[in-house]
Amino acid sequence: MYVAPGHRGGGVAVALLEAAEDAAVKAGADRVVLQTGDRQPDAVRLYEREGYTRIPVYPPYHLVPNSLCYHKRVT
């Protein structure tokens with residue numbers, strides 16, 4: 001997910017995340033799994049603020065230096 005700089009701070013990122021979570025629930029998933037990098041502190045803050053928990057880095061991202069992975073249970 002990416003929000004252009006001119007549109008940041010207005011809730012767009014949260015709306016995108018909520019839309020992804022809603023789509024996951026509708027598809028029958030019980031969690032959302034995300035990947036970002038340690039050079040994306042805004043994404044890390046957003047995910048953690050929205051209830052995502054860090055998990056071990058999973059393939060194929062285990063090959064990407066500085067990769068961070070998160071998940072959140074959804075219902």
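Along the sequence shown, residues are numbered consecutively beginning with 1.
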Q: Would you say the side chain of Tyr70 lies within less than 4.5 Å of the side chain of Ile55, judging by non-hydrogen atoms?
A: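 A side-chain contact under 4.5 Å is absent here.
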Q: Are Glu50 and Val14 close enough that some pair of their side-chain heavy atoms sits under 4.5 Å apart?
A: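 A side-chain contact under 4.5 Å exists here.
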Q: Please evaluate residues Val33 and Tyr58 with respect to the criterion side chain to side chain contact (heavy atoms under 4.5 Å, CB included), reporting the C-alpha separation (whole Å), side-chain torsions for both, the decisive distance (0.1 Å), and the verdict.
A: CA-CA 10 Å; Val33 180; Tyr58 54 89; 3.3 Å; yes
Q: Once side-chain hydrogen bond (donor to acceptor under 3.5 Å, both in side chains) is applied, do any residues pair with Gln35, and if so which ones, sequence neighbours excluded?
A: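 In terms of side-chain hydrogen bond (donor to acceptor under 3.5 Å, both in side chains), with neighbours along the sequence ignored, Gln35 is linked to Ser67.
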Q: What salt bridge (charged side-chain N to carboxylate O under 4.0 Å, His left out) pairs are there with at least one residue in residues 12-26, not counting sequence neighbours?
A: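 Listed by first then second residue: Glu21-Lys72.
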Q: Is any side-chain heavy atom of Leu34 closer than 4.5 Å to one of Tyr52?
A: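 SC-SC contact between Tyr52 and Leu34 confirmed.
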Q: Measuring only between side-chain heavy atoms, which start at C-beta, is Val25 closer than 4.5 Å to Thr75?
A: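 Answer no - side chains too far apart.
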Q: Determine whether Tyr61 and Val44 fall in the same hydrophobic cluster, where Ile, Leu, Val, Met, Phe, Trp and Tyr are linked whenever their side-chain heavy atoms lie under 4.5 Å apart.
A: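 Different hydrophobic clusters.
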Q: Distance from Arg45 atom CZ to Thr36 atom OG1, nearest 0.5 Å?
A: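 One finds 11.0 Å between CZ of Arg45 and OG1 of Thr36.
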Q: How long is the gap from CE on Met1 to CG on Leu46, to the nearest 0.5 Å?
A: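 Result: 7.0 Å between the selected atoms.
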Q: So Tyr47 and Leu68, do their side chains get closer than 4.5 Å, heavy atoms only?
A: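 With C-beta onward as the side chain, the pair stays apart.
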Q: Starting from the C-alpha separation in whole Å, work towards a yes-or-no answer on side chain to side chain contact (heavy atoms under 4.5 Å, CB included) for Val74 and Asp30.
A: CA-CA 5 Å; Val74 293; Asp30 64 350; 5.7 Å; no
Q: Answer yes or no: is there a side-chain heavy-atom contact under 4.5 Å between Leu16 and Tyr2?
A: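 Side-chain contact under 4.5 Å: no.
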Q: Which atom pair, heavy atoms only, marks the closest approach of Pro56 to Cys69?
A: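 The answer is O-CB, 3.9 Å.
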